[in-house]
Protein chains: 2
Amino acid sequence: MTALHHLRANAVILSVADEQPRVMTLPGTSALPAGDLVDDQDATLELALRRLVREQAGIDLGYVEQLYTFGDQARSPTGRTISIAYLALVDAGLAPAGREAAWLDCYQLFPWEDWRSGKPEIIDQELVPALERWVGDSALRRERVDITFGLSGSPWDGARVLDRYELLYEVGLVAEKGVDSGETVAGQVGVAMVSDHRRMVATGLSRIRGKLSYRPVIFELLSETFTLHQLQRVVEALAGVRLHKPNFRRLVERGGLVEGTGVAEQKTGGRPAELFRFRREVLRERPAPGVGLPSAR
Amino acid sequence: MTALHHLRANAVILSVADEQPRVMTLPGTSALPAGDLVDDQDATLELALRRLVREQAGIDLGYVEQLYTFGDQARSPTGRTISIAYLALVDAGLAPAGREAAWLDCYQLFPWEDWRSGKPEIIDQELVPALERWVGDSALRRERVDITFGLSGSPWDGARVLDRYELLYEVGLVAEKGVDSGETVAGQVGVAMVSDHRRMVATGLSRIRGKLSYRPVIFELLSETFTLHQLQRVVEALAGVRLHKPNFRRLVERGGLVEGTGVAEQKTGGRPAELFRFRREVLRERPAPGVGLPSAR
DNA sequence: ACAAAAGTGTTTCGACTACACCCATGG
DNA sequence: CCATGGGTGTAGTCGAAACACTTTTGT
C-alpha cells in the first residue's frame, strides 16, 4: 500500500563575502549539506533540517525558509527520491569555513547571472549561439528564449535565475544533463554540482532575488551594524547588478529600512561612514518593505 | 536505514464563480483532492498530481504550481506523513461540479479576508478581542498581531492570508487546533476542513494574492475573452478588495495586459462592453506583468 | 425618463531617476 | 596634491490615484 520513498532534505545556505554570493558545500565535494529524513525526532521538517546542518557543518542556522520539493530524479528500485530543499541565509561574519564547511561562488555556477561589470561575455559568445540553434524556427522556443534571456528587445529579468538554468539544462548546455543522460555535449557552461544540487541553488538565487524588493531579507546577510556602502555591495552581489549610490542611500533611508546609529566606521578607505542598523519598525509601517531594484515592477 | 514515509499529494484547485473565490473539495467532505504517491508511473510529481485529480475529480488541470510541502502533522507509528500541496487555477466555465467535485467558498473558510464590502465585522467583534487577550503584555506578540492583522496603524496586507491563519491557529481560534489537540475553545471562526487542508488553502490564497501583481495568472481563471468588468470582478474576488473602475481599466490596457477584440458583449445589463483577451506579448515586453493592486509596493 | 453599466479626460501626487556637486579622510 | 569613498540638492519623468464627466444600452 505505502511505498518506500527515499526522503531527503537539502540546504541551500547562502552568504555574501568579498562582494561575492556563495553557497555552502561539504568540503571536497560539490554537494550541498543534505541528509535522509529517517526518524521523527524532530517536530517539524524545518527543525530536522536545522539539526542536520548543525551536525554536518557545525552551524546553527538563523533565517530558514522552505524552497521547493524536487522529485523528478531518476528512480531507484526502492522508489522515488524526494528532496525537500531549504534556503538559509547567514551573515558572512558568522559563517564557518574549513574542515566542516566550504563555500562555492554562485557566479561560478551561473556566470551569466553577474551583470555588475556589464553583460557577461559568455552570453553572446556561448549561450546565444547555442540557444539560437535550439530555437530553430519554433515560435514557442523563440518566445521562451527571448523572455528567459532578455533577447529580441525583451528585458533581462534578474529573478529568472531558475528559468535560465532550466532552459540551459533542456538545451544540454549544463554538465548535469550530460551526466544524467550519459551523453556529453560540447561547450558546457558553469561549474556543475552533484545530482540536481545546482538546480536547487538556482531556485534559491531566484527566490532571494525576487524577495529582495519586498522583504528585508538582506539584513540576514549583514552583521548588526553596517555602512550603507556595505549594504549596497551585498545587495549588488545578490542582485547581480550595480546600483546608483546616491539613490540607493535615499531609498533605504527614506524608505525607513535603516536608521543611523551615530557611530562612525573609520576604516573605509576614505571619509568615515556612519554605521546603520536595520529599522525593525518598518515591518509595522509598510506592507512589503524591500530594497527596490531597478524595474522591480 | 530508510524509514517508511507516508507521502501524499494535495491539490488546492481554485476558481472564481459568481464573484466568489472557491476551492474544490471531494463531494460530501471538507477535504481537498489528495492521494498517496505510491508508485513511479509518473515522470514528475506534478504529473502524478494531474493524474490524481483527473481520476478523483474528472478534470484535466491547466495551470499548476507547487505550493508547499507540509510535514509537521501528528506522527503515525509507520512514520511521518509528508504532504506536497499544489495550487491549480481553473476557468469557472470549464469547472465541473456535482458527483465528482464540489466547491467551497474561500471566504467561508476565511471570513476576515473579504474586504470588498468594507472591513469584515468578525475582525473587530471576534478576532481582535481574542488576539488582545493572547497578546497580554508581550511586545513580541504585540508586534506580530499588529503586522499580521493591520492593527495599531499598521496597514492591512492582503497577501498575509497564511500568516493570519497560522496566528489564529496558534491562538486557538480555528477549529482544527481543537481537533488536533483534543480540546475545544469557544468562539472558533470560519468553516474548518479536515487535517491541515485549510492551511493549504490559506497558502494557496496567499500565493495567488501575492502573484496577481507580478504575473498574469488571473487569466487562468477567465475564459478566452471577457469584458474588463468581468476581469475586474475576478481580481476583486481574489484580492478581497474593491478597485477603482476607471483606473483599473487603464492599468490593464495601458499596461499592455489585454487587447480589445472589437467584438461587443451584449448582456451586460447596460451599455454593451467590448470583449478583451489576454495579450500574450506582454510577457516579452515587461519583466513582471500583473494587475497592480493598491499598495502592491 | 431613468437605471445601469461602459468608457474618457484631467489634475494631482509621490516615487524613482539622472545628473551635478560638495565633504572628509589617508597616503 | 589626489584618490577614495561618504554624502547632498535638485529637476525631470513616469505611473498611479482621485475626481468629474460623457456615452450607450435595457426597461
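The model shown is predicted, which means the values in this text are computed figures rather than measured ones.
Salt bridge status for A:Arg160 with A:Glu113: absent, with no side-chain N to carboxylate O gap under 4.0 Å. Here A:Glu166 does not pair with A:Arg144 in a salt bridge; the nearest charged N to carboxylate O distance is not below 4.0 Å.
Per the geometry, CZ belonging to B:Arg242 stands 14 Å off C1' belonging to C:dA5, to the nearest Å. As a whole-Å value, the separation of B:Tyr214 OH from D:dG15 C1' is 21 Å. For the pair A:Gln232 CD and D:dG5 C1', the computed distance is 11 Å after rounding to whole Å. Whole-Å rounding puts the B:Glu19 CD to C:dA5 C1' distance at 13 Å. Across the protein-nucleic acid pair, A:Arg249 atom CZ and C:dT17 atom C1' stand 17 Å apart, rounded to whole Å. A straight line from CG of B:Asn247 to P of C:dG7 spans 15 Å, rounded to a whole angstrom. The interatomic distance linking B:Phe248 (CZ) with C:dG7 (C1') rounds to 14 Å, in whole Å. The interatomic distance linking B:Leu231 (CG) with C:dA6 (P) rounds to 12 Å, in whole Å.
Between A:Arg271 and the phosphate of D:dG5, there is no side-chain N or O to OP1/OP2 separation shorter than 4.0 Å. For the OP1/OP2 pair of D:dA17 and a distance below 4.0 Å, the side-chain nitrogens and oxygens of B:His244 include no atom meeting the criterion.
A donor-acceptor contact under 3.5 angstrom links the side-chain atoms of A:Lys245 to the base of D:dG6. Counting atom types as modelled, A:Arg250 pairs no side-chain N or O with a base atom of D:dG7 as donor and acceptor under 3.5 Å.
A centroid separation of less than 6.0 Å is found between the aromatic rings of B:Phe219 and B:Phe226.
Between B:His229 and B:Arg254, the residue anchored nearer the 5' end of DNA chain C, judged by the nucleotide with its closest heavy atom, is B:His229.
For B:Pro246, whose side chain is taken as the heavy atoms from C-beta onward, the closest listed nucleotide among D:dG7, D:dA17, D:dA20 is D:dA20. Of the candidate nucleotides D:dG6, C:dG7, C:dT17, D:dG6 has the atom nearest to the side chain of A:Thr227. Nearest nucleotide to the side chain of A:Pro272, out of D:dG6, C:dT25, D:dC19: C:dT25.
Note on A:Leu228: nothing from the nucleic acid sits closer than 4.0 angstrom, heavy atoms only.
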Could you give me the CA-CA distance, side-chain angles and deciding distance for B:Arg233 and B:Glu19, then say whether salt bridge (Lys or Arg N to Asp or Glu O under 4.0 Å) is met? CA-CA 6 Å; B:Arg233 288 302 185 215; B:Glu19 306 190 6; 3.6 Å; yes
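Ring orientation note: the planes of B:Tyr165 and B:Phe110 are nearly perpendicular, at an angle over 60° on the 30°/60° scale.
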